[in-house]
Amino acid sequence: QVQLVESGGGLVRAGVSLTLSCAASGRTFSSYAMAWFRQAVGKEREFVARISWSGLSIHYADSVKGRFTVSRDNAENTVYLQMNSLKSEDTAVYYCAAGSWSVRAGDYAYWGRGTQVTVSS
């Protein structure tokens, strides 16, 4: 069992940076791939980034590649999403998830409640 709590969201202007954190509880955190998804109002939840249990494999959605960086600290049971050069289209609720190495939301068994990121243009 893994419980996830996201933090770090907020209202920011376009072009600035923001870092999201996802704190996990549970002894098996380090055995899971972790991912960030986001869901904007009226849209489906979409994949943003994923990182393998070791941190050696990382994958980004094309829409955030070169601007976002995902990382994890297994000793601290935390995964991060550093977001640079934010755009208005990045506005969404951001969720972290733990599960299998996948870009599909259905392959992740554990989810946080999300943190709102709003980017004003």
Determine the minimum heavy-atom distance between [X] and [Y], stating which atoms define it.
{"X": "Ala33", "Y": "Tyr108", "result": "O-CE2, 4.0 Å"}
{"X": "Ser121", "Y": "Ala14", "result": "CA-CB, 4.2 Å"}
{"X": "Leu4", "Y": "Val2", "result": "CD2-CG1, 3.5 Å"}
{"X": "Thr69", "Y": "Tyr60", "result": "CA-OH, 3.2 Å"}
{"X": "Gly26", "Y": "Asn77", "result": "O-ND2, 3.5 Å"}
{"X": "Met34", "Y": "Val79", "result": "CE-CG1, 3.9 Å"}

Count I, L, V, M, F, W, Y as connected when their side-chain heavy atoms are under 4.5 Å apart, and connections chain through other members. Are [X] and [Y] then in the same cluster?
{"X": "Phe37", "Y": "Val64", "answer": "no"}
{"X": "Tyr80", "Y": "Val93", "answer": "no"}
{"X": "Ile58", "Y": "Phe47", "answer": "no"}
{"X": "Val117", "Y": "Val48", "answer": "yes"}
{"X": "Trp101", "Y": "Leu81", "answer": "no"}

(message) For residues 94-108, which residue pairs pass the salt bridge (charged side-chain N to carboxylate O under 4.0 Å, His left out) check, not counting sequence neighbours?
(response)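 The answer is Arg104-Asp107.
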(message) Show me the pairs that pass salt bridge (charged side-chain N to carboxylate O under 4.0 Å, His left out) and involve residues 73-101, at least two apart or across chains.
(response)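 Pairs touching residues 73-101 that pass the test: Arg38-Asp90, Arg67-Asp90.
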(message) Would you say that more than 12 heavy atoms from the other residues, nucleotides or ligands in this model lie under 6.0 Å from the CD of Gln3, or not?
(response) no
(message) Donor-acceptor pair, distance only, cut-off 3.5 Å: does the side chain of Thr91 make one with the backbone of Val119?
(response) yes
Under the side chain to side chain donor-acceptor pair (under 3.5 Å) test, residues paired with [X] that sit two or more places apart:
{"X": "Ser54", "value": "Ser52"}
{"X": "Lys65", "value": "Asp62"}
{"X": "Ser57", "value": "none"}

(message) Quick one, Arg50 with Val103, criterion side chain to side chain contact (heavy atoms under 4.5 Å, CB included). Give me CA distance, side-chain angles, the key distance, then yes/no.
(response) CA-CA 7 Å; Arg50 56 177 171 159; Val103 297; 3.7 Å; yes
(request) Assess whether side chain to side chain contact (heavy atoms under 4.5 Å, CB included) is satisfied between Tyr32 and Trp53, documenting all intermediate values. (result) CA-CA 5 Å; Tyr32 289 102; Trp53 68 270; 6.0 Å; no
(message) Below 30° counts as parallel, above 60° as perpendicular, anything between as tilted: where do the rings of Trp111 and Tyr95 land?
(response) perpendicular
(request) Quick one: sort the Phe68 and Tyr94 rings into parallel, tilted or perpendicular, breaks at 30° and 60°. (result) tilted
(request) Only pairs at least two apart or in different chains count here, so list each side-chain hydrogen bond (donor to acceptor under 3.5 Å, both in side chains) that has a residue in residues 7-21. (result) Ser17-Asn84
(message) Please report the interatomic distance OG1(Thr115) to CG(Leu18), rounded to the nearest 0.5 Å.
(response) 8.0 Å
(request) Establish, for the pair Arg72 and Phe29, whether the NZ or CZ atom is under 6.0 angstrom from the six-membered ring centre and no further than 45 degrees off its axis. (result)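 Checked: cation-pi criterion met.
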(request) Test Glu6 against Leu20 for side chain to side chain contact (heavy atoms under 4.5 Å, CB included), laying out the working first. (result) CA-CA 7 Å; Glu6 303 93 338; Leu20 305 182; over 6 Å; no
